[in-house]
Amino acid sequence: MSHSDCSESPKRKKEKTGKIVRRTYIGGQAVLEGVMMKGRRSLATAVRTESGEITVEAKRIKDTSQRSVFFRLPFVRGVVNLVTQLFMGVGVLMRSAEVFGDYAEPTKFDKWVGEKFKVNPMHILTAVSLVLGLALAVGLFVFLPNFLTGLIFEIPGTNDHPALLSLCEAAIMLVIFIGYILSITLMKDIRRVFMYHGAEHKVISCYEHGLDLTVENARKMRTEHSRCGTTFIFFVVAVSIIVFALVNWLLDALGWTDFSSVVNALVRLAVKLLFLPVVAGISYEILKFLARSDCLLFRVLRAPGMLMQKLTTKQPTDDMLEVSLTAFKKVLEMDADETVPESSFEFTVSVKTVRERLKEIAPSADESDIDWILVEVTGKQRSELASLKSVTKEQFEAARAIAEKMKDGAPLQYALGSTEFFGIRLGVNPAVLIPRPETEELAEKVIEEVRSRGGGRVLDLCTGSGAIAIAVAENSPAEVTATDVSEAACTVARANATGAGASVKVLAGDMFAPVAEEKFDVIVSNPPYIPHGDIAGLQDRVKKFEPLSALDGGEDGLDFYRTIAREGAEHLTAGGVIFLEFGEGQADAVKELFAAFDTEVYLDMQGKERMLRAAKKESAA
């Protein structure tokens with residue numbers, strides 16, 4: 001429901017009661033979880049978001065005084081105002097709903113419409129919604145009363161005097177309207193709209209009574225207001241009795257109702273639709289005139305409409321009054337100062353809702369995954385998430401896009417397209433294994449070794465994303481070479497090295513083949529070590545998405561270790577060492593393969609044997 005735009009200059013006026021009141025030109029409308037206020041030159045809509053914050057959209061509009069003289073004529077201006085308010089009201093209502101919407105990306109059809117017709121698809125949707133709404137209103141409040149009245153007066157013996165026809169039709173229209181309001185009030189969202197409707201009235205009344213615009217003062221006001229759209233509807237019903245009585249009399253006098261009952265009903269309906277603007281124009285002028293004073297006569301004439309407002313307004317909560325006050329003050333500010341800029345809604349979504357929706361999209365994502373998605377899109381630290389109440393529309397859309405990539409079970413890192421390793425941002429995709437935290441410990445051992453030597457040449461076998469090679473190059477005075485049998489993996493590693501600014505030579509080829517004639521001070525590798533028979537038992541997000549070539553270590557998982565043990569010594573300098581990562585329970589077998597070396601096993605952060613240091617013996621070839 002909305003106020004009619006009964007424009008008067010904002011002035012103080014002394015009433016007989018001695019009260020100082022301010023007649024205001026500002027009218028309003030309740031929307032979903034908010035209120036729209038409209039002044040002479042601006043319009044502001046305040047909405048409370050899911051996270052409890054108030055967001056405001058404020059726009060400048062054309063001053064009604066700048067309209068054509070014809071459109072400002074009495075009776076004409078009522079029709080113009082009604083059409084304007086309908087279109088504007090539907091648009092604002094849809095904008096408020098968008099604050100709580102799904103924030104969907106524009107569809108291909110939306111984009112096509114925008115590009116093809118150079119128009120915002122939302123404007124088309126608003127127009128369609130308006131047409132459908134008007135069609136429903138005409139059907140319920142014009143066609144149905146006309147149809148039912150026709151049935152009643154088809155009963156033999158009934159007096160079909162034009163005045164009785166109009167009175168009966170108006171009564172049915174009023175009953176349908178009241179029934180419609182009572183039925184939609186059963187909906188929770190509509191009840192809240194009616195509460196915001198009450199908040200809108202209270203704030204306008206607070207201003208008109210000359211009080212400071214505070215929640216405390218607004219709370220004291222009534223939920224009814226003389227300029228309410230509900231009162232306008234009552235005047236429409238009252239005026240339609242007189243106008244349609246004259247129309248019915250005229251139709252009878254012209255002989256236009258001397259046909260069958262069906263044809264008569266259609267004729268009456270068509271002519272009444274033509275006269276609806278007349279009814280609206282007269283009703284608007286009555287509403288405008290009766291809103292000028294609170295004298296007893298005017299209060300009596302407004303009383304039925306004010307009584308009907310009991311159906312469309314409810315007592316608001318203080319937070320609803322706060323929203324209404326925000327919109328009203330914004331309009332006052334913008335109408336008073338033309339330099340105040342326009343603003344758009346800051347769409348936000350509560351973190352609770354974000355988590356729920358991301359989980360719906362990607363059921364395989366756990367709370368940790370969702371945490372890291374939020375870290376990614378907000379730029380917050382994970383430790384700061386506890387205090388994060390909401391995210392912006394753009395952040396939510398980014399989070400949802402990530403979750404969409406995980407809906408079939410894909411790992412978070414592939415959905416993000418990156419991961420962190422040793423404090424370095426690395427790009428990852430299904431061509432490379434996702435670096436594990438345990439591997440950071442292996443890189444740390446190599447870095448310590450190189451630093452203790454004051455530098456040296458390092459070879460990273462089975463480099464994958466280049467994680468170890470880049471970490472060593474960035475954190476030690478090493479000359480680093482990396483190899484991998486997969487050209488796709490080498491492409492990722494090169495890109496990561498370039499992105500990190502690390503000097504790493506990446507070569508494609510199987511194990512030592514690309515460096516056949518070279519020697520290194522340190523050789524490091526985290527090769528595939530999962531026994532072939534165990535691959536099927538891995539988690540879906542591992543076996544379905546990560547490259548099997550980076551996981552499958554052969555029958556017992558040790559194929560690559562055998563190659564390194566067999567060929568590694570000839571690629572080591574004197575005193576050179578090999579660092580390896582291996583799987584749980586493989587320590588003894590790996591040590592046995594490197595029996596020709598001086599070996600030492602290290603535990604990982606979980607206390608499990610995970611790494612081997614194999615030093616070339618002096619007697620080794």
Side-chain angles (χ1 to χ4, degrees), residues 365-369 371-372 375 381-383 411-413 419-424 426 428 432-453 458 460-472 474-476 522-543 546 550-562 564-565 568 577-616:
D366 56 28
E367 287 302 314
S368 175
D369 289 336
D371 278 353
W372 287 116
V375 167
Q381 296 293 323
R382 192 178 183 188
S383 59
L412 170 67
Q413 292 84 349
T419 189
E420 276 207 6
F421 183 86
F422 223 86
I424 303 167
L426 298 176
V428 291
V432 298
L433 197 69
I434 298 168
R436 269 51 173 182
E438 296 86 347
T439 307
E440 290 190 354
E441 298 180 74
L442 177 65
E444 190 171 5
K445 293 294 183 185
V446 175
I447 291 168
E448 291 173 359
E449 180 75 30
V450 174
R451 285 176 177 173
S452 69
R453 292 168 176 262
V458 175
D460 178 23
L461 296 171
C462 306
T463 191
S465 64
I468 297 173
I470 294 169
V472 173
E474 284 290 277
N475 294 278
S476 73
V522 178
I523 296 173
V524 59
S525 185
N526 176 25
Y529 55 70
I530 306 295
H532 182 75
D534 292 348
I535 297 292
L538 296 177
Q539 292 180 330
D540 284 348
R541 64 167 57 188
V542 175
K543 67 183 179 185
E546 301 201 55
L551 296 168
D552 193 340
E555 192 66 29
D556 60 358
L558 302 176
D559 284 1
F560 290 87
Y561 297 92
R562 291 187 180 93
I564 297 172
V577 296
I578 297 174
F579 283 91
L580 301 170
E581 180 179 332
F582 49 81
E584 187 175 348
Q586 294 178 329
D588 291 340
V590 173
K591 281 178 64 177
E592 185 176 341
L593 290 174
F594 287 84
F597 293 74
D598 290 326
T599 58
E600 183 178 0
V601 174
Y602 301 108
L603 305 181
D604 65 14
M605 63 182 73
Q606 305 298 327
K608 297 176 180 178
E609 293 181 321
R610 180 69 64 179
M611 294 162 284
L612 176 79
R613 180 182 186 274
K616 183 178 180 181

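Position 1 is the first residue of the sequence, and the numbers go up from there.
Rounding to the nearest 0.5 angstrom, the gap separating the CE atom in Met611 from the CG atom in Leu442 is 6.5 Å. Expressed to the nearest 0.5 Å, how far CG of Leu612 lies from CZ of Phe597 amounts to 9.5 Å. A distance of 9.5 Å separates CD1 of Ile468 from SG of Cys462, quoted to the nearest 0.5 Å. The CG atom of Asp604 sits 8.5 Å away from atom CD of Glu584, with the distance rounded to the nearest 0.5 Å. In this structure, the separation between CD1 on Ile434 and CG on Leu426 is 12.0 Å, given to the nearest 0.5 Å. The CD1 atom of Ile447 lies 4.5 Å from the CG atom of Asn475; values are rounded to the nearest 0.5 Å.
Residues Lys591 and Asp588 are not paired through a salt bridge, judged by the lack of any N-O separation under 4.0 Å between the basic side chain and the carboxylate. Of the charged side-chain nitrogens involved, at least one lies within less than 4.0 Å of a carboxylate oxygen, so that Arg436 and Glu546 count as a salt-bridged pair. Residues Asp369 and Arg541 are paired through a salt bridge, judged by an N-O separation under 4.0 Å between the basic side chain and the carboxylate. Electrostatic pairing of Glu438 and Lys608 does not count as a salt bridge here, judged by no charged N lying under 4.0 Å from a carboxylate O.
Taking the six-membered ring where tryptophan is involved, the planes of Tyr602 and Phe579 are essentially parallel, since the angle between them stays under 30° and well short of 60°.
For Gln539, the CD atom sits in a loose shell: 12 or fewer heavy atoms of surrounding residues, nucleotides or ligands are nearer than 6.0 Å.
With hydrogens and angles ignored, the 3.5 Å screen pairs a side-chain donor or acceptor of Arg610 with a backbone N or O of Phe582.
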